[in-house]
Each structure stands twice: as C-alpha cells, then as structure tokens.
Amino acid sequence: MTMRMPRARTFEVGLVMAGAVSAGAYTAGVVDFLLQSLDAWEQAKQTRAVGIPDHTVQIRAAAGSSAGGIVSALTAMIPFTGHHPITDLAAARSAASPANAERNLLYRCWVRDIDIRSLLKTSDLDAAAGGVSSLLNGRAVAAVADAAVANVRAAIAGGSRRCAPAYFANPLQLYLCLTNMRGLPYVIEMVTAGGVRGHRVTTHADYAQFAVHGAGAGAAEPLYPGVVAVNWPGTAGIESIDGWGRLRDAALATSAFPGGLPARSFANTAAFYQARPWARPADVSADEAGPVINPDVVCAPGLPYEFWCVDGGLINNEPVEYARIALAGGRNVHNARDARQSDRAVLMIDPLPEDEGCVDPGCGAAPDIVEALFSMFATLRRQARFKPQEVMLAMHEDVHSRFLIAPLRPDKLPSQTDLASVGLSGFVGFVNEQLRMHDFQLGRRNCQKFLRDHFVVHIENPIVAPWVEQGRAAGLDLSDYHPRRDAAGGGGELDDDFVQLIPLFGDARKPVALRPWPRLDPGEVSPILDMIDRRVGKIMPEFVHSLLKRIGIDDHCFANRVVGMIAGRVIRDRLLATAGTAIQADLLARGLLDR
C-alpha cells in the first residue's frame with residue numbers, strides 16, 4: 001500500500017489526547033498554547049517580512065479518550081468559534097478573571113464551568129425514575145457540552161469567520177474512543193472433526209469517527225465510508241443533520257466514567273464497521289488490498305447499530321494508532337522517523353503518563369473475596385493500557401514521528417506533584433478551580449517549552465531546507481529558531497542542526513509564567529462534604545432497592561428494612577468520614593491544604 005503524501009513543505013500532525021479526569025485541564029492548556037502559537041505564526045507570515053519561516057504545519061487529525069476526547073471535540077469547534085487564548089492566567093484571582101474566560105471554549109469548559117459542586121447537585125435524582133444512573137450528576141457535564149455546541153452553531157450561523165485557518169486540515173479527522181457495552185461480535189471459522197464451526201468472540205473497544213468540514217482551508221478531501229460528517233455543506237442550521245449533536249453525544253460517551261457518570265448511547269452504521277482497517281497478515285504482499293472482516297451483526301436496512309457506552313479510556317486510553325493511520329493513510333504503512341525525512345508526527349498529550357515508575361507492593365497476603373473482586377477493575381484497566389511499543393517510540397529523542405507532552409513543573413518541592421489535579425485518581429481537581437487553573441497554565445508553559453526545544457526537524461529536511469538556505473544566504477540570524485539543548489553543568493546551548501517546526505511569534509514568545517502552587521483553606525472542604533452527604537442520602541436507598549431486585553428480592557417490607565440498615569445514618573456518617581479523610585489527606589500530602 002502506498003503512503004499518502006502531505007502537500008509540499010507541509011508537516012502534518014495527529015493530536016492524541018489521553019484520558020485524565022479533571023487533569024483534562026492540563027490537556028486543554030497545552031492545546032490552548034498550541035493554537036495560539038499557530039495563529040501568531042500565520043499572522044507573522046502575512047506580513048511577508050524577510051526571514052519568516054514559510055513552511056506549513058497542519059493538524060490533520062485528533063484522537064482522544066475520556067477527558068482527552070472532550071478536549072478533542074472542543075478543538076474541532078475552535079476553527080469556527082475562533083481562538084481566544086488565555087494569556088493573563090498567571091496572576092488571576094479566580095477562574096472568571098481572565099479576559100477570555102468566556103470566549104475560550106477550552107478554558108471555559110475545563111476550568112471555569114465544571115466543578116464538584118455542580119456534579120454533586122441532586123437535580124437528576126429528584127426526577128429520576130427507574131433507578132440511579134450514576135454517583136455524580138451527569139446533567140452538569142451535559143450542560144457544559146450543550147453550551148459549547150450552541151456556541152459553535154451560533155458562530156456558523158452568524159458567519160463572522162473571516163477564513164478557515166491554514167493549520168487545520170479540511171476536513172479535520174476526529175476519533176473519540178468508546179467502550180461499547182453491547183459489543184461487536186465476530187465469528188472465527190475453525191475446522192473441527194465435525195466440519196467447520198465458528199468460534200464467537202466479542203470486542204468492546206469501539207470509537208466514533210467524524211470528518212469536520214470547513215475546519216481548514218482548501219478543498220475538502222473525500223469522506224471515508226460510514227464516517228459522521230460534521231458541518232457538511234447545506235446542513236448549517238439543521239440541528240438533526242449538522243453533526244454537532246452527534247459529536248456532543250460521542251464526547252459525553254467517551255467521558256462516561258463507569259458508575260461516576262451515566263452511560264451514554266451512540267450508534268454507528270454497518271458501513272462504518274465494514275470499512276474499518278485491519279492489519280494485513282505477515283505473508284500477504286503490501287501491494288494487495290487489506291483484509292475485510294465484518295462483524296456478525298444484523299442491522300435493518302438504513303438503521304444503525306446502537307449501543308450504550310462507558311468511558312472510552314477503560315479500554316483505549318491513549319489512541320495513538322488512530323492518529324497514526326490518519327496520517328499514514330493505512331494501517332500497514334509507517335511514518336518516517338528520521339529527522340531529515342519526517343513529514344508527519346503523532347503528538348500525544350498525556351497528563352498521567354505513568355512514566356515515573358511505581359512502587360512494587362510485593363505479593364502480600366492472599367486476597368479475600370472482596371479484595372479479589374475489587375481488584376479486577378484496576379487490573380483490567382492497566383492491562384488494556386499496556387501498549388509499550390507505542391509509548392516507547394514517543395519517549396525516544398531520535399524518533400521524529402511521535403512526540404509526547406507530559407506535565408513537568410520545575411522547582412517543585414519533594415511532597416508536591418507536577419499537576420495539582422492528579423490526586424484521588426484524577427478527581428481531586430474538581431474540588432476547587434484553583435487546582436484546574438494551575439494545571440491549565442502548566443499545560444501552556446510545557447507546550448511553549450516543547451515547541452521551542454523539542455518539536456524540531458533537521459535543517460536538511462525538505463520541509464524547512466529551502467527557508468534555511470535562503471536565510472543563511474541572506475545573512476540572517478536564525479538562532480531564534482534553533483532549539484536549546486540542556487548542557488552539562490546547567491544552562492543550555494543552541495543546536496544549529498535542528499530548527500523549530502512551529503516557531504514562536506508575538507505573545508507566544510513571552511515566557512509563560514507559572515501560577516503559584518495552590519493552597520486551599522480547610523473550610524472549603526466542609527461544604528463539599530455536606531453536598532456529598534445529601535447526594536448519598538438520595539442515592540443509597542435507590543441503589544439498594546435496585547440491587548435487591550437484581551437478586552430476585554421483591555418483598556417491599558423486607559427491602560425497606562435492608563435499606564434502613566445499609567442506608568442508615570451510621571453507615572452514611574462512616575462513608576462521609578472516609579470521603580472527607582481521603583480528600584483532606586490527599587490535599588495535605590501534596591501541600592495543597594493549609595493546616
């Protein structure tokens with residue numbers, strides 16, 4: 001199979017955004033600065049000043065899971081709403097303080113508008129019928145998503161955009177990972193003594209794919225079979241077919257943390273599954289067409305395959321392969337890795353890369369039945385995320401087809417972490433906006449460092465070589481475009497064998513200052529515990545009734561006695577004390593809470 005080729009002197013990027021719960025604020029900050037830098041560079045090009053790098057960097061695809069899936073969806077909206085970077089966050093007192101707090105979708109959705117207080121409201125329980133769908137209020141997340149979709153639709157209807165940005169492809173390919181609870185069955189034919197029989201297997205790793213038209217400049221490329229078209233010409237203003245509603249549904253589905261947020265429904269067409277790329281067997285020539293493997297599902301003509309979803313990160317938390325295929329044009333072709341030849345790269349943003357090692361707890365005592373059951377979820381999730389061949393490439397300095405941006409905060413104290421939102425499996429960031437503000441700003445700072453010193457190619461690469469040669473012939477000083485490598489004994493030195501792929505101009509050149517490490521007042525935790533108590537008080541009776549029905553106990557009087565014992569005040573107080581202790585212990589251990 002022949003690799004698809006980018007336009008001349010164009011470097012293509014596939015963004016990969018990993019799941020991170022509340023640490024999605026970090027991912028949002030990275031993307032915020034990335035788009036700011038691309039905007040500033042485009043404006044510098046328009047001045048036609050001598051020496052401005054004249055190649056192109058284009059975002060061709062974005063793939064995300066869970067929190068990263070939400071950021072991916074928001075990224076696809078920004079070409080239409082316009083990007084309004086958050087440049088004054090370093091000294092902001094509150095989440096609402098920055099000048100662009102309302103206009104910046106990434107910041108508004110991830111820092112200002114989402115909070116534990118909205119997630120603990122009981123409005124979804126007051127009118128609930130047929131059981132409790134989640135521990136947290138899913139309406140709070142849906143309201144943020146609805147507001148973002150309303151913004152992009154209003155921007156398109158208003159026609160205020162001057163022109164599509166050159167740094168997005170048209171269409172932008174978007175992949176959101178889903179954990180398909182229904183599953184996709186496949187039949188593997190096997191020969192037995194009784195003839196040919198089928199071995200039935202089921203996969204629950206699924207995804208939604210979108211083609212966002214008009215995101216970038218130039219003529220649109222053809223659609224892939226079964227892909228959801230967003231903003232297809234002629235659909236603007238028709239909410240049932242413009243694709244934005246389906247993108248919102250997929251974003252909510254990929255972020256539906258099991259039990260924490262309600263499961264969401266989605267649907268793909270049969271054509272979408274039939275067109276999925278599969279790896280070619282080793283003994284099949286690369287010139288032959290790849291295999292076609294259809295799932296063993298029956299869809300009525302014209303009707304989609306519907307299913308319920310939970311968190312996409314449960315099975316695929318770092319969807320590197322989707323972005324790689326979008327760049328290469330197929331599963332069985334590979335992107336060039338040498339800095340002199342590379343013309344495309346996967347850029348993974350992972351707030352929780354787990355690359356710092358772990359403490360081996362040892363074998364320990366034999367687990368009892370409760371420990372064994374509760375360990376399954378964490379064990380299966382870690383195993384599903386084990387893809388060393390992908391992450392290892394991102395870690396190598398000499399592989400210029402895969403890059404990684406991960407949190408790094410200089411000069412942190414030994415007790416502190418890089419991210420403020422990392423505690424309690426990533427949920428602690430919802431406790432206070434100051435934690436999310438810190439992480440958003442750290443994402444911006446880390447992205448600036450990455451673009452300046454790491455996202456580079458060799459000066460002989462055909463994408464940049466003509467500009468380098470012209471600049472040197474004209475006697476221009478190119479030192480601003482060379483990366484600075486760490487040198488022995490501290491400091492750094494310029495590496496004039498490489499140049500930046502995305503040079504920094506305008507405000508993007510100004511150093512991004514860190515916010516101080518957040519320090520919360522202990523009194524801020526008490527109101528949260530009161531809200532937890534109210535929500536648990538409503539959830540527990542419904543949960544116990546539902547559990548008893550599942551095991552066949554319908555006796556109303558007996559069920560009420562069981563509910564009284566389990567959901568009584570004593571147990572609720574114990575649960576509340578445990579939650580409060582966990583929150584305070586995490587904040588104290590990392591220096592986030594005043595004593």
Side-chain angles (χ1 to χ4, degrees), residues 3 5-14 33-60 165-169 216-218 327 335-347 394 396-405 445-512:
M3 176 183 287
M5 300 302 295
R7 294 200 306 266
R9 303 197 61 206
T10 296
F11 193 97
E12 293 186 337
V13 174
F33 188 85
L34 174 64
L35 299 183
Q36 177 188 347
S37 301
L38 289 167
D39 267 333
W41 181 24
E42 288 300 314
Q43 292 172 18
K45 286 182 185 179
Q46 292 171 13
T47 66
R48 300 187 181 277
V50 177
I52 300 295
D54 57 354
H55 63 282
T56 300
V57 171
Q58 188 175 79
I59 301 172
R60 178 175 180 79
Y167 53 81
F168 276 109
L327 294 174
N335 301 316
R337 299 174 182 173
D338 188 272
R340 289 176 170 83
Q341 301 174 349
S342 61
D343 56 7
R344 67 203 85 186
V346 169
L347 171 53
H396 281 283
E397 288 285 343
D398 58 347
V399 175
H400 287 259
S401 64
R402 300 194 182 191
F403 293 86
L404 173 68
I405 300 179
R445 180 185 174 97
N446 286 173
C447 185
Q448 184 182 54
K449 167 68 174 173
F450 171 77
L451 297 181
R452 188 179 63 235
D453 295 331
H454 300 285
F455 194 45
V456 298
V457 289
H458 197 274
I459 57 174
E460 296 176 4
N461 189 301
I463 291 175
V464 299
W467 164 74
V468 172
E469 292 171 2
Q470 292 170 7
R472 287 180 172 176
L476 298 177
D477 181 6
L478 304 183
S479 59
D480 280 348
Y481 305 110
H482 293 306
R484 187 171 294 277
R485 306 297 192 187
D486 293 335
E493 57 186 17
L494 292 179
D495 187 342
D496 56 11
D497 286 333
F498 292 83
V499 290
Q500 300 158 356
L501 274 166
I502 301 178
L504 302 179
F505 290 93
D507 286 345
R509 286 179 57 85
K510 300 176 182 177
V512 177

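- Panel note: side chain R402, backbone V346; no donor-acceptor pair is recorded below 3.5 Å.
- Shown here for D453 and P483, the closest heavy-atom pair between the two residues is O-CB, 3.5 Å.
- Considering all non-hydrogen atoms of both residues, I459 and H482 come closest at CG2-CE1, 4.5 Å.
- Between H55 and the choices F11, Y481, W41, the ring pair (Phe, Tyr, Trp, His ring centres under 6.0 Å) rule is met once, by W41.
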Problem set entry | Chi angles and distances behind the side chain to side chain donor-acceptor pair (under 3.5 Å) call for R340, H458 | CA-CA 5 Å; R340 289 176 170 83; H458 197 274; 3.2 Å; yes
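- In terms of heavy atoms, I502 sits closest to S37 at CG2-CB, 4.0 Å.
- Here the straight-line distance linking atom CZ of R484 with atom NZ of K449 works out to 9.0 Å at 0.5 Å rounding.
- Inter-residue side-chain proximity for V499 and V456 is flagged as unmet; no heavy-atom pair is nearer than 4.5 Å.
- Listed here is the closest heavy atom pair of L504 and R452: CD1-CB, 4.2 Å.
- Looking at heavy atoms from C-beta onward, V50 lies in side-chain contact with L476 at the 4.5 angstrom threshold.
- Between D495 and R485 there is a salt bridge, with a side-chain nitrogen of the basic residue lying less than 4.0 Å from a carboxylate oxygen of the acidic one.
- The heavy-atom pair separating A166 from T56 by the smallest distance is O-CG2, 4.4 Å.
- For the pair R60 and F168, the cation-pi test (distance below 6.0 Å, angle within 45°) is failed.
- The closest side-chain heavy-atom distance from S342 to N461 is below 4.5 Å.
- Contact of the R509 side chain with the Q448 side chain is not registered, since no non-hydrogen atoms from C-beta on lie closer than 4.5 Å.
- The distance from the CD1 atom of I405 to the NE2 atom of H454 is 10.0 Å, given to the nearest 0.5 Å.
- Heavy atoms only, all atoms of each residue included: A44 and T47 are closest at O-OG1, 2.5 Å.
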Problem set entry | Stepwise side-chain contact (heavy atoms from CB on, under 4.5 Å) check, V457 with I463 | CA-CA 9 Å; V457 289; I463 291 175; 5.7 Å; no
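- Once rounded to the nearest 0.5 Å, the distance linking CE of M5 with CZ of R344 reads 5.5 Å.
- Two rings, from F450 and F33, have their centers 6.0 Å or more apart.
- At least one side-chain heavy atom of V13 sits less than 4.5 Å from a side-chain heavy atom of V57.
- Residue L347 holds its CG atom at 7.5 Å from SG of C447, rounded to the nearest 0.5 Å.
- In this view, Y167 and D39 satisfy the side chain to side chain donor-acceptor pair (under 3.5 Å) rule, not counting sequence neighbours.
- The shortest distance between side-chain heavy atoms of L494 and D496 does not fall below 4.5 Å.
- Rounded to the nearest 0.5 Å, atoms CD1 (I52) and NZ (K45) are 10.0 Å apart.
- Contact annotation: the side chain of E12 never approaches that of D343 to less than 4.5 Å [non-hydrogen atoms, C-beta and beyond].
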Problem set entry | Stepwise side-chain contact (heavy atoms from CB on, under 4.5 Å) check, I59 with L38 | CA-CA 10 Å; I59 301 172; L38 289 167; 4.0 Å; yes
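- Residues R9 and D54 have side chains in contact (heavy-atom distance under 4.5 Å, counting atoms from C-beta outward).
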